[in-house]
Amino acid sequence: MKWMIPNQHGAWSMLILPFVLGGTVGGWTWAHVPFAIAWLFVYMGTFFLFQYIKQRKKSRDLLRTVMMYLIIAIVAIVPVFLVEWRLIWFAVAMIPFGLVNAYFAKIKDERNVWNDASAVTSFCIGGMASYYLGARVLDETMIWVFVLPYLYFFGSIFFVKTMIREKKSISYRNLSWGYHILLIIVFIVLGYPLLVLAYAPSLIRAVWFYGKKVPIMKIGIVEIANSVFVLTCLATYLV
């Protein structure tokens with residue numbers, strides 16, 4: 001097998017932000033260590049599984065990599081389930097969204113908005129699981145742990161499309177700008193100034209970068225930096 005790492009900058013932010021937010025708000029435990037390992041290898045395993053699914057000529061090396069990553073994930077998650085078996089329900093909740101991603105991989109339409117939204121949903125469910133592992137309660141805060149990162153990443157989907165695949169689409173530009181503006185307005189009206197601060201840079205970068213020739217690497221770096229800022233604001237708000 002070959003050790004491979006996914007090269008999707010945005011996906012790494014989606015993988016890390018909800019997990020860290022959930023652990024920070026719910027409380028860190030020693031079980032978060034094997035959980036983090038399992039979470040990492042589940043992501044890498046499923047990423048390359050989807051790559052395998054869309055291949056016409058199936059690569060045995062790629063399949064071996066997928067199997068090894070998923071085996072590592074299973075071994076790592078066992079002690080976590082022994083500590084809190086109810087986490088299995090979060091894994092079950094991710095399955096339908098994983099099947100959606102597999103479907104879009106099969107038809108080679110991975111850039112579809114619904115495919116991206118499905119992936120974001122899985123990542124944010126993982127954030128809820130990270131929260132529950134520490135807090136051991138189903139409460140309103142858990143809902144916020146899911147919703148707030150989801151709102152951020154859903155806007156990122158539109159932003160990235162206006163910069164790469166749909167850079168000439170007025171419809172996507174309007175969706176991106178309109179979504180981010182509406183998000184700010186809603187939090188102003190509801191009286192959440194810290195959340196306004198959290199999402200304001202997303203609106204600024206959506207407007208500022210539109211129409212400019214920005215290298216994909218730079219877009220990825222901007223998204224990572226923005227994710228760190230959003231994480232800091234959301235954690236401060238929820239803790």
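In what follows, residues are counted from 1 in the order of the sequence shown.
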Colleague: Taking atom types as modelled, is there a side-chain donor on S202 or N226 under 3.5 Å from an acceptor on the other?
Modeller: yes

Colleague: Group every Ile, Leu, Val, Met, Phe, Trp and Tyr by side-chain heavy-atom contacts under 4.5 Å, then state whether V228 and V20 land in the same group.
Modeller: no

Colleague: Is there a side-chain contact between I181 and L203 in this structure, where contact means two heavy atoms from C-beta onward sitting under 4.5 Å apart?
Modeller: yes

Colleague: Do you know which two heavy atoms are closest between Y179 and L151, and how far apart they sit?
Modeller: OH-O, 2.7 Å

Colleague: For side chain to side chain contact (heavy atoms under 4.5 Å, CB included), just list the numbers for C124 and M128, CA-CA rounded to whole Å, side-chain angles, deciding distance to a tenth of an Å, and then say yes or no.
Modeller: CA-CA 6 Å; C124 291; M128 294 172 69; 6.0 Å; no

Colleague: Quick check: are there more than 12 heavy atoms from other residues, nucleotides or ligands sitting under 6.0 Å from CH2 of W89?
Modeller: no

Colleague: Who else is in the cluster with M217 when I, L, V, M, F, W and Y are joined by side-chain contacts under 4.5 Å?
Modeller: I221

Colleague: Tell me whether V42 is reachable from V92 by hopping between hydrophobic residues (I, L, V, M, F, W, Y) whose side-chain heavy atoms are closer than 4.5 Å.
Modeller: no

Colleague: What orientation do Y237 and W144 show, parallel under 30°, tilted 30 to 60°, or perpendicular over 60°?
Modeller: perpendicular

Colleague: Which distance, rounded to the nearest 0.5 Å, do you find between the CG of L231 and the OG1 of T24?
Modeller: 6.5 Å

Colleague: What pair of heavy atoms forms the shortest contact from W208 to K212, and how long is it?
Modeller: O-NZ, 2.6 Å

Colleague: Less than 4.5 Å apart, side chain to side chain, heavy atoms only: is that true for F209 and T162?
Modeller: no

Colleague: With sequence neighbours left out, write down each residue that passes salt bridge (charged side-chain N to carboxylate O under 4.0 Å, His left out) with R111, or none if nothing qualifies.
Modeller: none

Colleague: Is there a chain of hydrophobic side chains (I, L, V, M, F, W, Y, each step under 4.5 Å between heavy atoms) that links I184 to V147?
Modeller: yes

Colleague: If every non-hydrogen atom of L17 is compared with every non-hydrogen atom of P149, which pair is closest and at what distance?
Modeller: CD2-CB, 3.9 Å

Colleague: For the pair V113 and K161, evaluate side chain to side chain contact (heavy atoms under 4.5 Å, CB included) and give the outcome as yes or no after the intermediate values.
Modeller: CA-CA 9 Å; V113 170; K161 287 193 178 297; 3.4 Å; yes

Colleague: Return yes if some donor-acceptor pair links the side-chain N/O of D139 with the main-chain N/O of M142 below 3.5 Å, else return no.
Modeller: yes

Colleague: Which atoms form the tightest heavy-atom contact between V80 and A76, and what is the distance?
Modeller: CG2-O, 3.8 Å

Colleague: Counting C-beta onward and ignoring hydrogens, is there a side-chain heavy-atom pair between L238 and L148 closer than 4.5 Å?
Modeller: yes

Colleague: Please report the interatomic distance CD1(I170) to CG(L175), rounded to the nearest 0.5 Å.
Modeller: 11.5 Å

Colleague: Roughly how far, to the nearest 0.5 Å, is the CE atom of M163 from the OG atom of S176?
Modeller: 10.0 Å

Colleague: Can you check whether L49 reaches L62 side chain to side chain, under 4.5 Å on heavy atoms?
Modeller: no

Colleague: Kindly write out the residues that satisfy side-chain hydrogen bond (donor to acceptor under 3.5 Å, both in side chains) with E223, not counting sequence neighbours, or none if the list is empty.
Modeller: S156, R205

Colleague: Can you find a pair of side-chain heavy atoms, one from Q51 and one from E110, that are under 4.5 Å apart?
Modeller: yes

Colleague: Same cluster for I143 and F97 if Ile/Leu/Val/Met/Phe/Trp/Tyr side chains link at under 4.5 Å?
Modeller: yes

Colleague: OG of S122 to CG of L15: how many Å apart, nearest 0.5 Å?
Modeller: 11.5 Å

Colleague: Not counting sequence neighbours, list each pair that qualifies as a salt bridge (Lys or Arg N to Asp or Glu O under 4.0 Å) and has a residue in residues 163-173.
Modeller: none

Colleague: Examine distances only and state if a side-chain atom of Y43 and a backbone atom of F123 form a donor-acceptor pair shorter than 3.5 Å.
Modeller: no

Colleague: If Ile, Leu, Val, Met, Phe, Trp and Tyr residues are connected whenever their side-chain heavy atoms lie under 4.5 Å apart, and connections chain through other members, are I88 and L70 in the same group?
Modeller: yes

Colleague: My understanding is that only residues two or more places apart in sequence, or in another chain, count here; which of them pass ring-ring contact (aromatic ring centres under 6.0 Å, His included) with F35?
Modeller: F19

Colleague: With sequence neighbours left out, write down each residue that passes salt bridge (charged side-chain N to carboxylate O under 4.0 Å, His left out) with K218, or none if nothing qualifies.
Modeller: none

Colleague: Test question: given the 4.5 Å side-chain rule for I, L, V, M, F, W and Y, name all other residues clustered with L82, or answer none.
Modeller: V78

Colleague: Under a 4.5 Å cut-off applied to non-hydrogen side-chain atoms, are V120 and F154 in contact?
Modeller: no

Colleague: Considering all heavy atoms of both residues, which atom of L21 and which atom of V145 are nearest to each other, and what is their separation?
Modeller: CD2-O, 4.2 Å

Colleague: Can you tell if the side chain of Y52 reaches within under 4.5 Å of the side chain of F47, non-hydrogen atoms only?
Modeller: no

Colleague: Would you please name every residue forming a side-chain contact (heavy atoms from CB on, under 4.5 Å) with K108, sequence neighbours left out?
Modeller: K54, R56

Colleague: Of all the heavy-atom pairs spanning V83 and R136, show the shortest one and how long it is.
Modeller: CG1-NH2, 3.2 Å

Colleague: How many angstroms lie between CG in L195 and CD1 in I188, if you round to the nearest 0.5 Å?
Modeller: 11.5 Å

Colleague: Among residues at least two apart in sequence or on other chains, which ones pass ring-ring contact (aromatic ring centres under 6.0 Å, His included) with F90?
Modeller: Y132

Colleague: Specify whether Y199 and Y152 have parallel, tilted or perpendicular ring planes, treating 30° as the upper limit for parallel and 60° as the lower limit for perpendicular.
Modeller: tilted

Colleague: Supply the members, apart from V100, of the Ile/Leu/Val/Met/Phe/Trp/Tyr cluster built from side-chain contacts under 4.5 Å; use none for a lone residue.
Modeller: Y103, F104, I107, W114

Colleague: Under the ring-ring contact (aromatic ring centres under 6.0 Å, His included) rule, collect the residues that match up with Y210, sequence neighbours excluded.
Modeller: W177

Colleague: Give a yes or no answer on whether the side chain of H32 reaches the backbone of G23 with a donor-acceptor pair at less than 3.5 Å.
Modeller: no

Colleague: Does any N or O in the side chain of N101 come within less than 3.5 Å of the main-chain N or O of F50, such that one atom is a donor and the other an acceptor?
Modeller: no

Colleague: For F146, check ring-ring contact (aromatic ring centres under 6.0 Å, His included) against everything at least two apart and list the hits.
Modeller: Y150

Colleague: Counting C-beta onward and ignoring hydrogens, is there a side-chain heavy-atom pair between W12 and S227 closer than 4.5 Å?
Modeller: no

Colleague: I need the L194 CG to T236 OG1 distance, nearest 0.5 Å.
Modeller: 6.0 Å

Colleague: When you look at T46 and F41, which way does the side chain to side chain contact (heavy atoms under 4.5 Å, CB included) test go after all the steps?
Modeller: CA-CA 8 Å; T46 53; F41 280 94; over 6 Å; no

